[in-house]
Structure formats: C-alpha cells, structure tokens
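Below is one structure, written out as structure tokens; comments come after it.
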Amino acid sequence: RHDEAIREAKAALARDANIIDIYINLGLIYVDQGKPDLALFIYQKALNTIDGADDNATLHCNLGRAYLAKERRPNARASLARALEIAPELVPALMYMAHLSMDDHDWDKTASLLERALKSEPDNPAIHINLGISYRGLGQIEMAQKEYARAQELDARELARARGADGASFEVGDAQSLRDLADHSFDVLINVQSALHYPRIDQFFAEVRRVVKPGGSFVIADILSNGR
C-alpha cells in the first residue's frame, strides 16, 4: 500500500513540514519502491530545512541506505559514519556499514561491527548469518558454523510463532546419526532438499526407519539430475 502511504505522508507534510519522522518514513517508501533518487531528495530536504535534522541518526542511516541503492558507496559510508557518530549502537547503521566492509573483504571490521550489533539484538538472525560469513572470511570455521546454526534456529522459531506453533523445539544435529532420538518416536518425518548432500545416505534411511513409528509417514523432497 505504498501509494496510500505516500498520499498520507504528503498530506501530513502539508499540515506541518517540520516533522522529521514523516520525511524518514517517506524516504523509506521510495527506497522500497526502487526510487532512491526521490528518497535522497526527501532526506536532503529534511537536512536543509529542519532544525536539528543533522543530529538525527536514523535520518543519516536511511540516507546512507539510499546512497547504497544508487551504488554511491563513498556517500553511503559518510552518511552511515555520521549516524554511528550520533548513535554508536544503531543496529541498521552497523549492518549497512558491515555490508560495505564485507564488500571490501575487510573481515575484521565486518566482524567487529556485527558483534556490536549483536549486543543490541542478540536474536536477530540476519546479524548471525552475516557474522558467520565474516568469521568464515577470517578462517574461523567453527565460529562461523555456530552462527549459521543460530541464524537457522532463530528463523525456524519465528516461522513457528507466525504459524501458531509456539511449542515447537529446534535442534542442530546429524541426520545420519539421530542417536538422541528414541526409537519409534515420530508420527511424521520430513526431509527437504538436504539428503542429496549426505555422504552416508544408507545410515540416514536406517535412522528414518528407526525413529518413525510403525505406520508413520516419511516425506522427502530433493533435487535430482540426469533424469534420475
């Protein structure tokens, strides 16, 4: 409902052109619509016309985002640096700056920025997945795997909550060795696009037979090639 939001924002600005949050939100809509030039215009107008706008960290962060959409990296970096100067722990600014560092393969700086973001939002899966990428870039494979697993767990929990399955639990393990699961303990077992990669597929199927109840169901969906 972008068009409706734009109409309401413009009407609000017509009533009072000094409300900075309206500029911030209107610019975001333009970025989402793929119109970063309009977003840049809106944010620059706010900076030039509203007293105190230069001290608003969110405005500078969103300006940086708009510059990124235009691939104007030096401008984006400067705007994000200003945002972090005002609010050192502003998570969106930390993440956008981390992406700039990631593009430069500056893994130390990327990890440092994301670790700061994680202190503010420890359950943000996007931070964990990007932190995993930075640790991998640093050659810290075990730490990277832990971050990937945590991101996957958080994503799964969010999906479960959205679908009303708050009682769901999640574990990271080896599908070829389900030794922590009791015999005949599942009514249904579903495997999606992963069995293809198992080096010991026979052990996986043996574990499926063991943990699924007699008369239970096993569903597998995977990608095959060469007509197989």
Side-chain angles (χ1 to χ4, degrees), residues 1-104 106 109-134 151 154-155 157-159 161-163:
R1 301 171 61 180
H2 285 151
D3 291 340
E4 180 182 347
I6 290 171
R7 285 195 300 271
E8 291 183 3
K10 288 181 176 180
L13 287 175
R15 292 190 296 270
D16 187 345
N18 293 306
I19 302 177
I20 196 167
D21 286 345
I22 300 175
Y23 289 91
I24 290 173
N25 292 327
L26 182 57
L28 281 178
I29 294 170
Y30 285 137
V31 171
D32 287 343
Q33 284 187 321
K35 301 175 180 178
D37 286 320
L38 286 175
L40 290 172
F41 172 79
I42 288 294
Y43 292 142
Q44 293 291 357
K45 183 178 180 180
L47 285 169
N48 293 331
T49 60
I50 300 177
D51 289 339
D54 188 51
D55 294 322
N56 188 296
T58 301
L59 179 61
H60 285 286
C61 176
N62 290 358
L63 180 60
R65 179 181 176 185
Y67 279 132
L68 282 174
K70 291 289 291 180
E71 298 186 2
R72 293 169 60 178
R73 293 167 57 84
N75 299 94
R77 196 181 300 275
S79 294
L80 294 169
R82 175 60 178 151
L84 292 173
E85 179 184 352
I86 300 165
E89 306 311 318
L90 183 64
V91 170
L94 288 168
M95 293 191 69
Y96 290 134
M97 190 69 90
H99 280 295
L100 284 169
S101 298
M102 191 179 293
D103 288 343
D104 295 335
D106 187 343
K109 186 173 183 180
T110 302
S112 176
L113 289 163
L114 292 170
E115 286 166 352
R116 285 167 57 188
L118 197 62
K119 291 179 181 178
S120 298
E121 296 186 10
D123 292 334
N124 186 327
I127 298 176
H128 285 282
I129 194 70
N130 285 290
L131 191 54
I133 293 170
S134 67
L154 289 168
D155 269 340
R157 287 180 176 174
E158 184 60 33
L159 180 61
R161 281 194 293 269
R163 295 186 175 180

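- Residues satisfying the side chain to side chain donor-acceptor pair (under 3.5 Å) test with N25, not counting sequence neighbours, are none.
- Residues meeting the side chain to side chain contact (heavy atoms under 4.5 Å, CB included) test with A93, sequence neighbours left out: C61, L80, A83, L84, L90.
- Among residues at least two apart or in separate chains, salt bridge (Lys or Arg N to Asp or Glu O under 4.0 Å) pairs with a member in residues 39-68 are D32-R65, D54-R82, D55-R82.
- Considering only residues two or more places apart in sequence or on other chains, E89 meets the side chain to side chain donor-acceptor pair (under 3.5 Å) condition with none of them.
- Across all non-hydrogen atoms, the minimal contact from N18 to T49 is OD1-O, 4.2 Å.
- Residues that satisfy the side chain to side chain donor-acceptor pair (under 3.5 Å) test with R73, not counting sequence neighbours, are D103, D104.
- In this structure, I29 and L38 have side chains that are not in contact, with every pair of non-hydrogen atoms separated by 4.5 Å or more.
- Annotation: the span from I19 atom CD1 to I24 atom CD1 amounts to 11.5 Å, rounded to 0.5 Å.
- Under the side chain to side chain contact (heavy atoms under 4.5 Å, CB included) criterion, I42 pairs with Y23, L26, Y30, sequence neighbours left out.
- Separation of atoms CG (L118) and CG (L94) is listed at 11.0 Å; rounding is to 0.5 Å.
- Of the possible polar contacts, one joining the H128 side chain to the P122 backbone as a donor-acceptor pair under 3.5 Å is found.
- Between the side chain of Y43 and the backbone N or O of H60, no donor-acceptor pair lies under 3.5 Å.
- For S134, the side chain to side chain contact (heavy atoms under 4.5 Å, CB included) test picks out W107, T110, A111, L114, L131, with sequence neighbours left out.
- Remark: the backbone N or O of P88 is paired with a side-chain donor or acceptor of R116 at under 3.5 angstrom.
- For the salt bridge (Lys or Arg N to Asp or Glu O under 4.0 Å) test, no residue two or more places apart in sequence or in another chain qualifies with E71.
- Taking D37 as the reference, K70 meet the salt bridge (Lys or Arg N to Asp or Glu O under 4.0 Å) condition, with sequence neighbours excluded.
- For the side chain to side chain contact (heavy atoms under 4.5 Å, CB included) test, residues two or more places apart in sequence or in another chain that qualify with I129 are Y148, A151.
- Under the salt bridge (Lys or Arg N to Asp or Glu O under 4.0 Å) criterion, the residue pairs touching residues 4-25 are R1-E4, with sequence neighbours excluded.
- The shortest non-hydrogen separation linking I20 to I50 is CA-CD1, 4.1 Å.
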Candidate pair L28 and Q33, rule side chain to side chain contact (heavy atoms under 4.5 Å, CB included), full reasoning: CA-CA 9 Å; L28 281 178; Q33 284 187 321; over 6 Å; no
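- To the nearest 0.5 Å, atoms CE (M97) and OG (S112) are separated by 11.5 Å.
- For the pair A53 and L59, the tightest heavy-atom approach, listed with the atom from each and the gap, is O-CD2, 3.7 Å.
- Here the closest heavy-atom approach between residue L40 and residue A66 is recorded as CD2-CB, 3.6 Å.
- The shortest heavy-atom contact between M95 and A126 is CE-CB, 3.9 Å.
- Counting only heavy atoms from C-beta outward, the side chains of H99 and N130 approach each other to under 4.5 Å.
- Residues passing the salt bridge (Lys or Arg N to Asp or Glu O under 4.0 Å) test with E121: none are found, sequence neighbours excluded.
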